[in-house]
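Here the structure is a predicted model, which means the values were calculated and not measured. Along the sequence shown, residues are numbered consecutively beginning with 1.
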Amino acid sequence: MSQHTILIVDDEPNQRLILEQALHMFDTDWHVIAVGSASEALSTIEQQQPDLIITDYHMPDMTG
């Protein structure tokens with residue numbers, strides 16, 4: 001079975017951390033990537049296509 005990837009995009013570090021920790025509590029086989037901006041997310045997506053993206057909608061420079 002292949003490992004699923006979840007990308008978290010949020011400009012607030014505490015929100016990213018809480019969500020990342022919560023996801024690991026449900027299933028440790030998920031590969032969770034957390035980034036702090038939409039531009040970082042786009043860069044990450046170019047390298048690795050996540051199965052799920054959880055994003056904050058209101059962020060500086062570019063919305064989720």
Below 4.5 Å, heavy atoms only, C-beta onward: do [X] and [Y] meet side chain to side chain?
X: Ile53; Y: Ile45; result: yes
X: Pro50; Y: Ile6; result: no
X: Gln15; Y: Asp56; result: no

Output the distance between atom [atom1] ([X]) and atom [atom2] ([Y]), rounded to the nearest 0.5 Å.
X: Glu12; Y: Ile18; atom1: CD; atom2: CD1; value: 9.5 Å
X: Leu17; Y: Ile8; atom1: CG; atom2: CD1; value: 9.0 Å
X: Thr55; Y: Leu7; atom1: OG1; atom2: CG; value: 8.0 Å

Subject >> Nearest heavy-atom neighbours spanning Val9 and Ser37 >> reply: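 Shortest heavy-atom contact: CG1-O, 3.6 Å.
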Nearest heavy-atom neighbours spanning Glu20 and Ala34
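Of all heavy-atom pairs spanning Glu20 and Ala34, the closest is OE1-CB, 3.8 Å.
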Next on the checklist: Ile33 vs Thr44, test: side chain to side chain contact (heavy atoms under 4.5 Å, CB included). Steps then yes/no.
Outcome noted: CA-CA 9 Å; Ile33 302 170; Thr44 301; 4.2 Å; yes
Would you say that more than 12 heavy atoms from the other residues, nucleotides or ligands in this model lie under 6.0 Å from the CD of Gln48, or not?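 Yes, enclosed.
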Let me know which of Gln21, His24, Arg16 forms a side chain to side chain contact (heavy atoms under 4.5 Å, CB included) with Val32.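 Looking at Gln21, His24, Arg16, the match for Val32 under the side chain to side chain contact (heavy atoms under 4.5 Å, CB included) is His24.
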Identified side chain to side chain contact (heavy atoms under 4.5 Å, CB included) partner of Asp51 from the options His31, His4, Gln3: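 Testing Asp51 for a side chain to side chain contact (heavy atoms under 4.5 Å, CB included) against His31, His4, Gln3 leaves exactly one candidate, His4.
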